[in-house]
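Worksheet for the structure shown next.
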Amino acid sequence: NAGVMQNPRHLVRRRGQEARLRCSPMKGHSHVYWYRQLPEEGLKFMVYLQKENIIDESGMPKERFSAEFPKEGPSILRIQQVVRGDSAAYFCASSSTGRSSGNTIYFGEGSWLTVV
Amino acid sequence: AQKITQTQPGMFVQEKEAVTLDCTYDTSDQSYGLFWYKQPSSGEMIFLIYQGSYDEQNATEGRYSLNFQKARKSANLVISASQLGDSAMYFCAMRPMDSNYQLIWGAGTKLIIKP
């Protein structure tokens, strides 16, 4: 029973390039969340998606960042024209429902983006 | 504003000793959840323990227990009989009443277990 799968684990991009991070949720989960972790900090919420819908993108920068969760395939977090400040760990999490109690959010292993 | 505070940026503990990692939170919600996660040097975020605000008993999971003091708004993590493999960053997080996903995270505590 595979958990939340993220790839790539590590990604290096030059300034101005695009970064694409993928997340396959746990089997049976239709809710996906992206978080960003800057060095020496806790996670910050970015975006919450269900299949083909963005539910809450209040934590995502308005420019250069976008996310999708298509009907088929993984969720993708896209960062266009990356800058050094985008260097961070990006965590994906998934759950089977959007609102419930207890620990129902499962995290992937993270994708580390380094912008050089 | 809702907030999580972890006052210990780093801790050194002798192997086999118990360790308490502090976490205080600020919320006006009546219902909320509190989490502890472990992040080893490999980077993954590992769930350790969960406490609901209405749970009357402190949560326990193996060597981990959560010392929940609601009136003080604290949710300290206690690790009994520490092991070298416990060396990692530890994060306290809170789930507000109206959200299952907008977890609010503390800045973390780096725990190093000495042999």
Side-chain angles (χ1 to χ4, degrees), chain A residues 3-6 8-11 23 25-26 29-50 54-60 67 69 75 88-114, chain B residues 1-10 21 23-25 29-55 59-61 64 66 75 88-110:
Chain A
V4 179
M5 305 298 290
Q6 288 188 247
R9 286 295 310 279
H10 299 276
L11 181 65
C23 170
M26 191 175 280
H29 286 188
S30 59
H31 301 252
V32 165
Y33 319 89
W34 286 94
Y35 293 81
R36 178 164 64 175
Q37 183 183 28
L38 295 173
E40 310 297 324
E41 294 186 13
L43 277 64
K44 296 284 194 303
F45 167 77
M46 297 181 73
V47 62
Y48 163 32
L49 311 105
Q50 291 183 36
I54 296 175
I55 307 302
D56 182 349
E57 56 182 349
S58 59
M60 200 149 71
F69 189 16
S75 175
Y90 293 83
F91 283 90
C92 173
S94 74
S95 67
S96 57
T97 65
R99 300 171 69 89
S100 60
S101 63
N103 174 45
T104 56
I105 300 177
Y106 299 85
F107 282 86
E109 294 187 330
S111 290
W112 268 256
L113 172 66
T114 302
Chain B
Q2 303 190 78
K3 188 179 176 182
I4 293 282
T5 302
Q6 293 181 252
T7 57
Q8 306 150 310
L21 304 180
C23 172
T24 58
Y25 58 93
D29 289 349
Q30 295 302 308
S31 175
Y32 49 87
L34 296 158
F35 299 76
W36 276 94
Y37 286 87
K38 173 184 178 181
Q39 187 177 38
S41 57
S42 50
E44 67 268 32
M45 200 62 74
I46 302 168
F47 165 74
L48 293 179
I49 198 166
Y50 169 81
Q51 179 89 38
S53 58
Y54 288 118
D55 294 340
T60 60
E61 290 284 350
Y64 304 108
L66 198 152
M89 282 290 288
Y90 288 81
F91 291 95
C92 179
M94 177 175 64
R95 184 191 67 230
M97 178 173 67
D98 59 352
S99 170
N100 190 41
Y101 54 89
Q102 286 217 25
L103 296 180
I104 299 161
W105 295 72
T109 295
K110 185 166 188 175

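Just so we're clear, the structure is a prediction, and the values are computed from it rather than from any experiment. Convention: sequence-line order gives letters A, B, ...; per-chain numbering from 1.
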**Request:** Could you pull out all residues at least two apart from A/E109 that satisfy side-chain hydrogen bond (donor to acceptor under 3.5 Å, both in side chains)?
**Result:** A/R9
**Prompt:** With only heavy atoms counted, which part of B/Q6 is less than 4.5 Å from chain A, the side chain, the backbone, both or neither?
**Reply:** neither
**Toward chain A, the part of B/S42 with a non-hydrogen atom under 4.5 Å** =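 Just the backbone, heavy atoms under 4.5 Å.
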**Message:** Nearest 0.5 angstrom please: B/L103 CG to A/Y33 OH, how far?
**Reply:**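 If I round to the nearest 0.5 Å, the distance is 9.0 Å.
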**Request:** Report the distance from atom CZ of A/F45 to atom CH2 of B/W105, rounding to the nearest 0.5 Å.
**Result:**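 Nearest 0.5 Å value for the CZ-CH2 distance: 13.0 Å.
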**Request:** Answer yes or no: is there a side-chain heavy-atom contact under 4.5 Å between B/Q39 and A/F107?
**Result:** no
**Message:** Do B/R95 and A/I105 have side chains that approach each other closer than 4.5 Å (heavy atoms only, starting at C-beta)?
**Reply:**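 Side chain of B/R95 against side chain of A/I105, heavy atoms only: no contact under 4.5 Å found.
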**Prompt:** Would one find more than 12 heavy atoms of other residues, nucleotides or ligands at under 6.0 Å from atom NZ of A/K44?
**Reply:** yes
**A/Q6 portion near chain B, given a 4.5 angstrom heavy-atom threshold** =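 The answer is neither part of A/Q6.
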**Item:** Minimum heavy-atom distance between A/Q37 and B/F91, given as atom pair plus value
**Value:**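 Closest heavy-atom pair between A/Q37 and B/F91: NE2-CZ, 3.3 Å.
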